[in-house]
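Working notes for the structure below.
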2 protein chains.
Amino acid sequence: MRVRLKDIAEDLNLSKMTISKVLRGQTDISEATRARVLQRVRELNYIPNISASSLRTGQTRTMGLVLPALGVPHLAQIAAGISKTLSREKYELIVSSSENDLETEQKQIGIFLSLQVDALLLVSLQETTFFFEELQGRTEMPVVFVGSRPSGVTEQYVGLDEEEVGRIACEHLLQSGCRRVAYIRGSHSVSGDMRSRGYRNALRRNGIEVQPDLIIETMSPQQSEYQRGCEAMERLLSHRRRPDGVMTYTDMLAVGAMDAASRSGMRIPEDMRFAGCGNDPLLCHMRIPLTSVDTGGQDLGERAGKLALRLVGHPKGKGVRWALVKPKLVKRRSSEGSR
Amino acid sequence: MRVRLKDIAEDLNLSKMTISKVLRGQTDISEATRARVLQRVRELNYIPNISASSLRTGQTRTMGLVLPALGVPHLAQIAAGISKTLSREKYELIVSSSENDLETEQKQIGIFLSLQVDALLLVSLQETTFFFEELQGRTEMPVVFVGSRPSGVTEQYVGLDEEEVGRIACEHLLQSGCRRVAYIRGSHSVSGDMRSRGYRNALRRNGIEVQPDLIIETMSPQQSEYQRGCEAMERLLSHRRRPDGVMTYTDMLAVGAMDAASRSGMRIPEDMRFAGCGNDPLLCHMRIPLTSVDTGGQDLGERAGKLALRLVGHPKGKGVRWALVKPKLVKRRSSEGSR
DNA sequence: ATGAAAGCGCTAACAT
DNA sequence: ATGTTAGCGCTTTCAT
């Protein structure tokens with residue numbers, strides 16, 4: 001049988017209460033007893049039963065994170081950031097994946113509710129607030145949205161400043177001397193639209209007209225991102241007036257685009273500069289080191305973790321609202337030098 | 001306040017017990033009552049308190065998985081495989097990451113023990129059995145090692161047949177007509193050694209002598225894997241007699257090697273065939289589609305999940321022992337055709 | 001400084 | 001077919 005408080009108590013001829021107090025760091029215990037207890041606790045390898053303590057206190061010092069998928073670097077960074085922040089306050093993070101499925105996400109949330117975690121952090125797939133409004137009625141558990149949010153949610157949200165992503169990439173290329181900056185975007189998405197807005201604004205602010213044919217949507221879902229990058233580039237190269245700078249929605253699109261450009265005899269960065277997005281450690285250090293917008297998963301996670309910590313124990317609706325994390329540009333050779 | 005069994009019971013003028021029985025699918029309840037209860041349960045959005053039920057039953061229908069990192073495709077596949085298998089039996093998986101840190105791993109294991117999960121699945125960093133021997137004394141919780149194991153562990157282990165990884169890659173290249181197969185391996189590791197053995201055996205079985213200078217170790221940790229692949233290839237190209245087939249420890253090494261080979265005028269696959277390892281969806285669909293050994297993360301996860309399910313409730317030491325999952329070769333253009 | 005009693009929400013075992 | 005009792009391991013409250 002597992003060691004319980006009672007076992008330690010009987011072993012030392014003390015009451016359960018004394019052991020419990022020692023373990024929770026209460027101060028009304030003599031130093032001598034404290035030492036004896038701690039010693040024996042270690043010897044017997046006592047593991048507290050969170051179920052029991054949770055049942056009594058309503059707390060688990062544990063938070064739950066639901067991600068659309070494991071295996072995605074950006075999401076992993078978010079998780080790492082949260083985990084790091086929580087552990088500073090002696091909270092632990094447990095994760096589960098919704099496998100990009102809306103219903104699975106709801107199920108996973110249900111499990112965390114059942115497990116009595118102290119707060120819920122969600123990189124949510126839900127597009128509406130419907131599910132969460134229902135949730136409000138059932139529980140007072142704090143919920144923090146990270147990186148994405150159902151439309152309409154404005155509180156308890158930590159996100160990336162997507163418009164800024166588009167802006168800094170474009171601004172950087174312009175400052176490197178580019179005049180015709182193309183944007184290879186992914187398929188339609190809210191973040192895609194916002195980055196696109198940042199891109200347009202940067203152009204306008206620099207007195208450059210937005211050219212619709214320099215914005216390429218790549219959405220054939222059968223093709224790999226690499227291929228889509230290649231094809232987008234080929235379309236851009238077929239223009240009468242070719243772009244002299246290219247930014248992309250993801251790093252892999254940039255890798256494909258750079259390859260296609262190289263094959264056509266373009267020199268990078270001399271003839272054409274590139275900026276990707278994601279700052280993927282694998283992809284950014286391939287052939288031509290790729291300038292990329294770091295979408296700051298770790299930062300995002302840390303902010304979200306802090307928000308969750310502040311929410312714990314606060315009556316609902318109190319406390320902090322939301323934060324937008326700024327992306328950072330990481331310059332590498334693909335956009336080096338200026339003209 | 002959250003809805004409890006008691007609330008539903010009072011609401012319907014029944015006892016807690018009746019509600020509990022309905023929710024657990026006991027059969028000694030009239031259809032009429034069952035229907036009433038289920039209806040009200042849904043209306044009130046009842047969420048069971050696992051802490052309470054766990055305290056009573058000692059079960060949570062939840063298992064814990066500790067990974068060295070999130071964000072790694074192979075590990076994510078393992079997690080997905082486990083999760084899929086468990087959910088068929090109404091078990092749930094929660095995950096945590098040790099961030100490649102030995103002590104963090106032990107801490108995460110402790111949390112899962114505290115949370116009373118029904119079994120523990122570990123892609124463990126521990127190299128010795130020391131920690132787990134200590135664990136044995138504290139708990140009867142079933143532990144399954146996945147993909148890696150402390151030396152000496154032979155039970156409750158589901159792993160990849162690493163020797164076979166090396167063998168099938170080499171065998172495939174030989175069957176495609178290669179006579180001088182090189183192996184670009186990573187830095188030293190147990191799995192690296194085993195794959196190397198598979199490679200050597202395949203050569204020998206085909207009556208080809210192992211040439212030490214065709215085995216390249218790439219271990220400069222500052223460099224990216226891509227660069228290390230390039231450099232390894234350059235070394236191979238400088239040999240008097242160049243290889244006509246190259247296999248690598250990872251897909252990224254193959255991508256780098258292929259690029260270096262292409263730059264030197266080698267045609268792929270005509271002059272030189274390549275096989276990577278990992279079957280990374282991103283990397284295998286770049287420039288030249290890459291033949292790769294699929295290390296079957298999903299399979300591994302499913303087998304591990306099944307093993308864990310069989311272990312639950314069994315007295316320790318009973319039940320299944322271990323399984324080795326066979327890798328599968330996925331052929332693509334980099335090794336196409338024969339001579 | 002230490003301990004006794006009660007109860008968190010649930011369910012096993014046993015009535016009725 | 002439904003309900004009663006007791007207790008899982010812990011902590012809150014209130015003695016001593």
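Numbered from 1 within each chain, the chains take letters A, B, ... in sequence-line order.
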Residue A:N49, side-chain heavy atoms: nucleotide from D:dC10, D:dT12, C:dC10 that is nearest
D:dC10
Can you tell me if B:E105 uses its side chain to pair, donor with acceptor, with the backbone of B:L125 under 3.5 Å?
yes
Output, in order, the C-alpha distance, side-chain angles, deciding distance and verdict of side-chain contact (heavy atoms from CB on, under 4.5 Å) for A:Q59 and A:S53.
CA-CA 8 Å; A:Q59 302 230 332; A:S53 102; over 6 Å; no
CG of B:D28 versus P of C:dT16: gap in Å, rounded?
17 Å
Quick one: which of C:dA12, D:dC10, C:dG3 gets closest to the side chain of A:A52?
D:dC10
Name the closest nucleotide to the B:S30 side chain, picking from D:dT2, D:dT12, C:dG9.
D:dT2
Roughly, in whole Å, what's the span from CD1 in B:I47 to P in C:dG9?
14 Å
OP1, OP2 of D:dT11 versus side-chain N and O of A:S20: anything below 4.0 Å?
yes
What's the closest nucleotide to the side chain of B:L14 if the choices are D:dG9, C:dT11, D:dG3?
D:dG3
Looking at D:dG9, C:dT11, D:dT12, which one has an atom nearest to any side-chain atom of B:K16?
C:dT11
Touch class at under 4.0 angstrom, heavy-atom based, for A:S51 against every strand present
nothing
Ignoring backbone atoms, test whether A:Y46 places a side-chain nitrogen or oxygen under 4.0 Å from the OP1 or OP2 oxygen of D:dC10.
yes
In whole angstrom, give the distance that lies between atom CG of B:L115 and atom P of D:dC10.
14 Å
Worked verdict on B:E99 versus B:T104 for side-chain hydrogen bond (donor to acceptor under 3.5 Å, both in side chains)
CA-CA 7 Å; B:E99 303 294 325; B:T104 308; over 6 Å; no
Between C1' on C:dC8 and CD1 on A:I50, what's the gap in Å once rounded to a whole number?
16 Å
A:I29 has an atom CD1; how far is it from atom C1' of D:dT11, in whole Å?
13 Å
Checking side-chain hydrogen bond (donor to acceptor under 3.5 Å, both in side chains) for the pair B:S51/A:S51: CA distance, chi angles, key distance, verdict?
CA-CA 4 Å; B:S51 289; A:S51 289; 4.6 Å; no
Answer with yes or no whether B:K21 presents, from its side chain, a donor or acceptor under 3.5 Å of a partner atom in the base of D:dT2.
yes
Ignoring backbone atoms, establish whether B:T18 has a side-chain N or O less than 4.0 Å from OP1 or OP2 of D:dG3.
yes
Strictly below 4.0 Å: does A:R24 bring a side-chain N or O up to OP1 or OP2 of D:dT12?
yes
Ignoring backbone atoms, test whether A:T33 places a side-chain nitrogen or oxygen under 4.0 Å from the OP1 or OP2 oxygen of C:dT2.
yes
Just how far, in rounded Å, is P of C:dC8 from CG of B:D7?
12 Å
Minimum-distance pair of heavy atoms, taken over all atoms of A:Q26 and A:R34:
O-NH2, 2.9 Å
Residue A:S53, side-chain heavy atoms: nucleotide from C:dT2, D:dT11, C:dA12 that is nearest:
D:dT11
Rounded to whole angstrom units, what separation is found between the CG atom of A:L55 and the P atom of D:dG7?
17 Å
Whole-Å distance separating the CD atom of B:Q26 from the P atom of C:dA13:
11 Å
Of all the nucleotides listed (C:dA12, C:dT2, D:dC10), which has the minimum atom distance to the side chain of B:R56?
C:dA12
Would you say a side-chain N or O of A:R4 is under 4.0 Å from OP1 or OP2 of D:dC8?
no
Both B:T57 and B:N13 contact DNA chain D. Taking the nearest nucleotide for each, which residue is further toward the 5' end?
B:N13
Output, in order, the C-alpha distance, side-chain angles, deciding distance and verdict of side-chain hydrogen bond (donor to acceptor under 3.5 Å, both in side chains) for B:Q106 and B:Q126.
CA-CA 9 Å; B:Q106 299 185 359; B:Q126 311 289 324; 3.3 Å; yes
